[in-house]
Every structure is written in C-alpha cells, then in structure tokens.
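Below is one structure, written out as structure tokens, with a few remarks after it.
Quick caveat: nothing in here was measured; it's all calculated off a predicted structure. Positions are given from 1 along the sequence.
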Amino acid sequence: MKKGSITIYLSLVLISVLLLVCIIIESTRINVVQTECKAFTHLASDSVLAGYARQVYKDYGILLVWEEKTLKEQLMEYIQANIEQADLNFTTTNIMATRIRDIKIRQVQYVGHNGGETFIAQILSYMKYAVTTKSVNKLISLYSQNNDYQERNDTAEDMINVKENSDISKIVDDINNELCNMKNNNMNNQFATERKRTKFLKKVNQIIEMIESYQEKREDIVKEYKEIQGNDYMDFNLNILEQIKNRIEKEELMDSSRFEDKWVDISKEIQKKIKELKVNVISEEDKKNKGIYESAKRFLERGILSMVIDDSSNISSAAISDSDLPSNKETDKTDLSCSAIDKAKVILYGGMKFGNYCSIKNNTDLKYELEYIIAGKDTDHSNLATTVEQMAGIRNITTLAYILTDKDKMTKLSTIAASATTAIGLPFLEPVIKAVLVEAWALAEAIHDVKILMSGKKIDVIKNNKNWNTGIHNLICNETKGSEKKSAIDYKQFCYILLMKERMSKIAFRMMDLIQVNIKKNYNQSFKMNQCFSGFQIQAQYEAEPLFISMPFIINFLGEKIGTYKFYVESKMQY
C-alpha cells in the first residue's frame, strides 16, 4: 500500500513536470512562430518591391512595381513559399505548423493617386544627385524674369481685332466726293434761282445725313474702346454744313426771292464756309503707310508655325494611339502643393529624360516629348504648333514691353498710323491702327526669336535695341543670328519656362503618359503606368495549430478543447 502510494505520487509529479515542460515548449514555439510570421511578411514585402519594373528604372531612373498580378496574390505566393521553405531542396517536418489565413491591403501608393504625388516623390528622390542647385536656381530665375512681363496692355490686344467697317469706309468716300464737288462748283450759279437753291439745299441735307450715318457707325466702335477718340474732321464739316443749311433756310423763310441781288452776297458768304470744309487728301506716302498697316494685319492672321519653320515637311507626323493613358484617368484637377525648387527639379528631370524638337531621342513613340508635356496633344505636329505659339506669346510680352518704352519706335509708329488713317479715311481709328502696328512689330520680333531658338541657337532673355532684329517695313527677317552671351537661353530652356507655368499634376501625368507609351513600344505591350506603385501598407493574418499542449493527457487535464492561435503582422514598405 505504501509502495502504491509512492507510485501514484510519482506519476502525478511526472505528469505535472511533463505538463510544465510542454507548456514551456509550446510557449517558446509560439514566440518562434510569431517571429517567423513577421519574417515571412517582411520578406514577402521585400520580394514584391524587388520585382520592380527594370525597364522603367533603366530608362527613367524610377523605382516602381508593375502590378501585373494583384498585390495580394504576390504577397500570398511569397509568404506561402517562405512557410513551405520552398528554397530548400529537401523536405522536413515543420513543427511550427503555420499557415497564412488572409492579407488585408491597407494602402497602396499608386503613381496616379493624389495628383501623381508618388510619381513626383520618385523623381525628386532621383534628382537629389542628378542635378545641381545652380541649375535649379537658374531655372527659377529665368521663370521669374519672364513672369515679370505678364501684365500687358489688354486693351491694345483687344483693339487688334477691330476691323475698319467696309460700310463706313464707303460712306466716307461718298462724303469726300460730294464735298470735293461742292468745293469745285461756283456758288453764284448754285443760288441764281430758287430751283437751284432748293437743289443745293437738298444736296447739303443729303451730305448731313451721310455724316450723321457715319457718326452712328463710328459710335458703335468708339463705345467699346475708350482709347478711340470720338471726334474728327467729319464733326467739323457737319457743323459747317449745318450753318450753311440754317443760313439758306433762314433767308428762304424771309422770302428773299424778292431780293435776288441779296443772294449774291449770301453765296459769297456760303462760298467762304465751303472753303473751310475739310476733305481727306491721300498722298503717296499715305498709301505707302496704309500698305504697311495692311501688311501688319495680314501678318497677325498668319499661322506662327509656318513662319518659324522653313520646311514643314520635316515636322514629325508621329501620334499617340494609346487611349488608356494615365492623363485620361486624372480625376483631381487641383495642383499639388510644392515649392518652386521641387517644381524646377521635376522640369529639369523632364529635360534629361525626354526629347524635344532640337534634341530628339531614339526609340520613342513621340519625337517632341517636352512639347507633349507642354501641350498634351495626340500628335507631334499639334504639340509643336501649340508650344511654338506659347513661346511666341511669352516672347511677345517681352518684345511688346520693350517696344512701348522705345520712344523712337513709338514715334515712328504714331507717324505711320496717322498717315495710314488718312489713307483709310477713318481718322478715329488711329489708336487702333497704331495698336495693330505695335502688336505686329512686337509679334514679328517674338516670332523671329522663336525661329532662332528652333534653329538650335540662343537668344537673350532681356530685349533691347542692340538685339532687335526686325523692322516695321519688313516684319519677316530671315537672318537667324543667335546670342553668344552666357545668360542667353536655348530652345529647351524656353520649354522649361513654359512648363513652370503648368500645374505640377499635369506635368506628372503627361510624363507618365510618355513613359507608358515608350515602355510599351520597346519592351511590353501590356504595360500600364496606372498599375504601378512604389509602396504599400498591409496586415497579414496567420494561424497556427496547438502542438505540445494538444496531447490527450493535457487536453484531459485542462478539461477543454484548445483552439488555433491567430497572429496579425503589420508591414509598411516603400522605396
């Protein structure tokens, strides 16, 4: 009986010891399982990022993962492979008994989200060591210098669209013809009889009506432009004619027909007044200056691209055929908040990685890539045309700002405008004609500067009399001599200035468009930038079955069924 009790005692002690040992081993195992689950998750995350799009990195220096398979599928595969020790050549017992239950995707940093913020961050990371601070500051300075000229004479720009009305011009010609006839006629004959006086008075009334019609048409133009003066020599003539009319009517009411001799004195009086009438006399110089004005109008109506490129057949005809571009899916049109320094870096990146009219890159879908970032059109021709027009527009602001301060040029234009007005016969249009001449000359100089840029040469940022090339008598200058100054800028730098005016998001998405079409052209037809990402945040859910405490004697001892262990591992990865 004593020996039996010792046996029972020792059995209980042994069971207790075994239970304690199993619990300790199970606890250690669970800690190891948790550590392994973290390792599985982070290794899988690293493996996903290790599968970056090598072609994008090679050509553009950007680290992105192309989600050809879904992120969840990739992570599940990598985690399962780690659990099964797939890299080993032999099988062994996995006492950890771990399995992946689910993966929840918390966040994925796709390149197109938040206005291309992820894409911009990648570019800025690349440009930390690819560009100097001096280059960035130079671009900001160039943009600031050109931005100073943004305030222009909007009224002058609107007045360019004023056209001398053909109806009013005909009325002026008719009035001048009638006045010339009146001045050349002998007034004594006009007042010899009552019938002749009535006929003369009728003619005066007709001319008065014509002048009044002229004034109405003139008023329609004048009321829209405060710079145009409403009074001219026609108002003076109207006053004289009304005096003549009133004088004749007054004498008719007094029945002066009984005193025919008195009409001789009245005719002399009216003859003096008729001599005061002003008639538009056109000289050869006036005709010449009218020709200058008409040439200026035709110049303003011409297409800019045809004036800066001598042979349009050399323009690329390439076009984008991809309808699934990142820019087509841009939903947020607000601009990203960024500093001028960051924006300059992104633009300089564009100049490094993308071609332009003066520096075409090989194996690209579009030849004029910087122009596409500026304009966003489907064809090279449209992008180049838009870019050239914007260049001429900005340069026009610079040339216009200078020409308005050049007294000699403005005096010359005032003389031509006044003379051309005489030839046209519409004196109130002198401010309009002058505005057209100013704008045409400034635009001609701007277009000439763009032509220099497109020939591969440089131009000075600041316009002055020394680097002014065109003349008002010959707006098209064929000489394309560039500047040799260190501060001069070339075509690509002018493209940078245009890009500094664009929204950062627009720049980012159009760069993504180019990357997509070029990767498709050279490497993979199914590549899509919208499926690329540079980071993510996930939660992996694991399960593990009890092992050392799931023995029958332990379960019986604990008196309940032991469930599975659950583990949650968070992982946040980013390039």
Side-chain angles (χ1 to χ4, degrees), residues 149 151-164 169 172 221-222 225-233 278 280-302 304 307-308 392-452 459-481 483:
Y149 293 111
E151 292 186 7
R152 64 177 297 177
N153 191 339
D154 293 330
T155 303
E157 183 178 13
D158 293 336
M159 288 168 68
I160 295 167
N161 297 318
V162 176
K163 308 292 184 183
E164 58 273 20
S169 297
V172 170
I221 300 175
V222 171
Y225 303 98
K226 60 184 180 181
E227 284 78 9
I228 299 178
Q229 299 297 324
N231 298 324
D232 55 38
Y233 71 94
K278 297 181 179 180
N280 196 37
V281 180
I282 303 174
S283 66
E284 291 300 320
E285 184 68 18
D286 295 335
K287 293 179 181 179
K288 180 181 177 182
N289 288 324
K290 180 185 177 183
I292 294 174
Y293 163 63
E294 290 175 343
S295 297
K297 282 199 303 178
R298 289 194 297 271
F299 180 84
L300 291 173
E301 293 169 355
R302 292 181 61 183
I304 292 177
M307 290 189 281
V308 296
I394 287 186
R395 197 60 182 168
N396 187 34
I397 296 172
T398 305
T399 55
L400 183 61
Y402 168 72
I403 202 172
L404 291 173
T405 60
D406 190 315
K407 292 183 178 179
D408 292 338
K409 287 182 173 58
M410 291 303 293
T411 300
K412 186 175 185 179
L413 292 177
S414 296
T415 303
I416 294 173
S419 179
T421 301
T422 301
I424 294 171
L426 303 177
F428 69 93
L429 282 181
E430 182 178 340
V432 175
I433 294 175
K434 184 177 179 181
V436 171
L437 292 171
V438 169
E439 179 63 21
W441 200 359
L443 182 60
E445 185 69 17
I447 289 174
H448 183 263
D449 286 347
V450 175
K451 190 173 183 178
I452 293 174
I459 62 171
D460 294 323
V461 177
I462 305 300
K463 206 67 187 174
N464 53 51
N465 193 49
K466 292 182 179 180
N467 56 32
W468 192 273
N469 298 287
T470 58
I472 188 60
H473 295 86
N474 185 14
L475 295 174
I476 299 176
C477 178
N478 294 321
E479 182 183 359
T480 56
K481 183 180 179 181
S483 173

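- In this structure K290 satisfies the side-chain hydrogen bond (donor to acceptor under 3.5 Å, both in side chains) test with no other residue, sequence neighbours excluded.
- Classification of the Y402-W468 ring pair by plane angle, with boundaries at 30° and 60°, yields tilted.
- For N464, the side-chain hydrogen bond (donor to acceptor under 3.5 Å, both in side chains) partners are N467, not counting sequence neighbours.
- Rounded to the nearest 0.5 angstrom, I476 CD1 and F299 CZ are separated by 6.0 Å.
- The salt bridge (Lys or Arg N to Asp or Glu O under 4.0 Å) contacts involving residues 408-419 comprise D406-K409, where partners must be two or more places apart or lie in separate chains.
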Next on the checklist: Quick one, H473 with I292, criterion side-chain contact (heavy atoms from CB on, under 4.5 Å). Give me CA distance, side-chain angles, the key distance, then yes/no.
Outcome noted: CA-CA 6 Å; H473 295 86; I292 294 174; 3.4 Å; yes
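- To the nearest 0.5 Å, the span separating CD1 on I462 from OG1 on T398 amounts to 7.5 Å.
- Scanning both residues, R395 and V461, for their nearest heavy atoms gives NH1-O, 2.9 Å.
- In terms of the side chain to side chain contact (heavy atoms under 4.5 Å, CB included) criterion, residue partners of S295 (sequence neighbours excluded) are, by chain and number, R298.
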Checklist entry - Does the pair D449 and K463 meet the rule for a salt bridge (charged side-chain N to carboxylate O under 4.0 Å, His left out), with working shown? => result CA-CA 10 Å; D449 286 347; K463 206 67 187 174; 3.0 Å; yes
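- With sequence neighbours excluded, no residue forms a side-chain hydrogen bond (donor to acceptor under 3.5 Å, both in side chains) with R302.
- The structure places CD1 of I447 at 12.5 Å from CD1 of I452, a figure rounded to the nearest 0.5 Å.
- Side-chain atoms of M410 and V438, non-hydrogen and from C-beta on, do get closer than 4.5 Å to each other.
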Which pairs of donor and acceptor atoms, one on a side chain in residues 416-435, lie under 3.5 Å apart (sequence neighbours left out)?
| from | atom 1 | to | atom 2 | distance (Å) |
| --- | --- | --- | --- | --- |
| S419 | OG | D286 | OD1 | 2.5 |
| S419 | OG | N289 | ND2 | 2.8 |
| T421 | OG1 | A417 | O | 2.6 |
| T422 | OG1 | A418 | O | 3.1 |
| K434 | NZ | S414 | OG | 2.7 |

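- Scored by the salt bridge (charged side-chain N to carboxylate O under 4.0 Å, His left out) test, K287 finds E284 as partners (sequence neighbours excluded).
- In this structure, I304 and A392 approach most closely via the heavy-atom pair CD1-CB, 3.9 Å.
- Of all heavy-atom pairs spanning A296 and V436, the tightest one is CB-CG1, 4.3 Å.
- W441 places no side-chain N or O within donor-acceptor distance of the main-chain N or O of T399, the cut-off being under 3.5 Å.
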